[in-house]
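Counting starts at 1 for both ligands and their atoms, in listed order. For clarity, every value in this text was computed on a predicted model and none was experimentally measured.
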Amino acid sequence: MRTSMPPGIPEQPRLLILDDENPTGETLQRMAEHNGFDARHVTRPDAFFSLLASWTPDVVALDLVMPDMDGVDVIRSLAQRGTAARLIIISGVGSRVLDAAERSARAHGLDIVGVLPKPFALTALREMLARAVRHLGHGDHPGPEPGTASPPELTGEDVRQALEARQITLVYQPKISCRTGTLVGFEALARWHHPQRGVIPPDVFIPLAEAGGLIDRLTLDVAEQALSWLSQLPADSSFNGISFQPLLGAFLSLNISAYSLGNRELFARIDQRRQELGVSPERIVLELTESVAMQDVTSALDNLTRLRLQGFQLAIDDFGTGFSSMVQLVKLPFSEIKVDKSFVMTAQQSAESRSIAQSVVSLGQSLDLRTTAEGVEDEATLEQLRGMGCDYAQGFWIARPLAPAAVIPWFRERETARESRRIEALEQLGLLDTPPEARFDRVTRLVQELFSVPTVTISLVARNRVWFKSRQGVDTTQSPRDIAFCDATITGDEIFVIEDARADPHFEHNPQVEGPPFIRFYAGCPLCLPGGETVGTLCVVDTVPRVFSPEEREQLADLAAIVEEELTLAQEDTRDLQTGLLNREAFQAQAGSAVALSRKFGREVRVICVRLLNLAMVNQRLGRPAGDRLIRELADLVVTTLDTEQLMGRRRGTEVAVVMTGPGATDVDTQCQRLAATVRDWNEHQPVAMPRINCEIASACWHPETRASLDQMIRSEWVSHTTIIHD
Ligand code: C2E
Ligand code: CA
Ligand code: CA
């Protein structure tokens, strides 16, 4: 039995199915034929696109997940071909993914009938097919579903009354730093609490407000609520050791409708309210959707530029959904770009989504814009975004939009959990209460010299104390956490600077300011592990106030990056078994960064290489243990004779090398002579039957402007001194 088609519908509408699973495709085909369709089923995208062109189906049904081709790819190709066919999406993947695919298809301008999750019920399929033909030949906007008896449509008038009755309130969705997880801001999202219908989402009432000429009023109402909420966030208090500091600087993102963009009066009022509440404009981000930014570029440009000049931040929302071009983006004065959630939410399933997300992030970076990914729904996606170098993340995985009363409890709970993870990561490092190490002291000495400050430390912030892994100019090994400047530094992601502690309301009465060591100036850079935990700081302290220039900030950050690298190296096995010095890989890596650092700061590097000339012979004649002993003895002599704070390693099987930087890198030739004397002396004291050390000691001096690698500099032209000891 065949069901007949309703009037006005093509006699036999054509349905083309692309599904790589034969049984599913065939069931669908049979069902469709049963419902009056001329249906064909293909399993491969190439066959699909060729039939699409030659057979011109009215409806296509598409499986999202296929081995050969990503469903999202097919959707894009369909859009590129300007397909008029209506689209049914079928798939077994989670409904949220289907949802995103549907949004993406709509954004591509495709006409979607609906989404059919697999395995599908026959009734659902029949209903979908009926819906597919209902509007064929009637233009492309489907009306409401019959049978879903709905209350009268909401109108602009309802929105006006809602505004008057203050039924529109806000929820706040947190935004965090991808790298460290630190809270950076909130996006305000509107909710309408309808007395009869419950909560109505903004997707429904914002368009009504726009159509009804009420959007400016709504935007102002939203801005006022959000600003007063922001200005009342507790900033200075703390709870069980949890600092509320991040709330003090949190951004507030507000959504601005395209229709409001030209309204100068509106922005003047927002600005006025902001001033009254003492919120700085840099903390306010105005989000505009991509389509908005494009509509009328020149007039938008004026308004946006004015807002930017007033200090507001501007974000381009939902980027990637279709309307923008890079050229426009460069023209407009944006400070942030938000990757649309349809790509972020599908990043786990779709390679295309991932690569779009990556390219938006890269685009943002190349234009010097902050990037935010929204729609982060799982940890794996957050990890990926971090790897991509995305700045901020927002999404259900971090938090759903929160009612005002839920914000502080959420923050408290999250920070408590982060603090225990931080402490755990710090303890895992295994550095607390360990002896000083040259690899850290090298950096602090360089910092001390570079900034000419009396005090430099690498401070690890433990549960109740700050312990110094490296310290220059401090006698104690630790100080209580509650009075430490470093504790304030680790709550944020940026360098923290107090130029004059006596003029700072938070620190003027600090015991370390009022009493010894009489801190006046402090600059600390957070030290962050690859997992995002901020375990400590690299900080400089002075007893007189001083200014800290942007260049100095950058230098401190560069040096902190080196310390961060060292912190992670500590977790790996980097020692050479025979000599106890750094092994070849670790030495090469550290020497490389020491050379790069010296080049950057215009410092000379000196190298001493000591090559054991008779190792092969000793191995051969007396056996490997004798050879091992000889290289170990040589290494010990190098360590005891030369400045132990320098970088030493076993550069080759037969070679121990020392890279000297900083103030200790002087008198290298004298040091070489001393070493030669020590070796000769050692040789003289060996019993007759024991092997002697035959070696070559060479030193080289390398100027920062020389673009040579370590290997190159050890070769002839830079060598200033050579001694050969041949017994
Ligand atoms: P939007 O600006 O893109 O806001 C983000 C939307 O994504 C919010 O939906 C939020 O709840 C949702 N979202 C956030 N994280 C996730 C996630 O991990 N998964 C999923 N599936 N969704 C997530 P919401 O609150 O329904 O807002 C929808 C849109 O309504 C907003 O999209 C915005 O364009 C508009 N809107 C909301 N409030 C206002 C407002 O005050 N003024 C104006 N003009 N538009 C607003
Ligand atoms: Ca938004
Ligand atoms: Ca968005």
Non-hydrogen atoms of T219 versus ligand 1: any pair closer than 4.0 Å?
-> no
Residue-ligand contact E374/ligand 1, heavy atom below 4.0 Å = yes
Looking only at atom types and distance, does a side-chain atom of S231 sit under 3.5 Å from a main-chain N or O of S228, one as donor and one as acceptor?
-> yes
Non-hydrogen atom of P401 closer than 4.0 Å to ligand 1 | yes
For E187, what is the atom name of its N, O or S atom nearest to the Ca ion (ligand 2)?
-> OE2
Keeping waters out of it, list the protein N, O or S atoms under 3.0 Å from the Ca ion (ligand 3).
-> D317 OD1, D318 OD1, E374 OE2
For ligand 1, the portion of N255 having any non-hydrogen atom under 4.0 Å away = both
Is S253 close enough to the Ca ion (ligand 2) to have an N, O or S atom under 3.0 Å?
-> no
Any R400 heavy atom less than 4.0 Å from ligand 1 | no
4.0 Å heavy-atom contact, E210 with ligand 1 = no
Please examine the side chains of R306 and N303, heavy atoms only from C-beta on, and report whether any two atoms are closer than 4.5 Å.
-> yes
Quick one: do K338 and E287 satisfy salt bridge (charged side-chain N to carboxylate O under 4.0 Å, His left out)? Show the steps, please.
-> CA-CA 9 Å; K338 292 185 94 173; E287 294 194 354; 2.6 Å; yes
Listed partners of E224 passing salt bridge (Lys or Arg N to Asp or Glu O under 4.0 Å), at least two apart = none
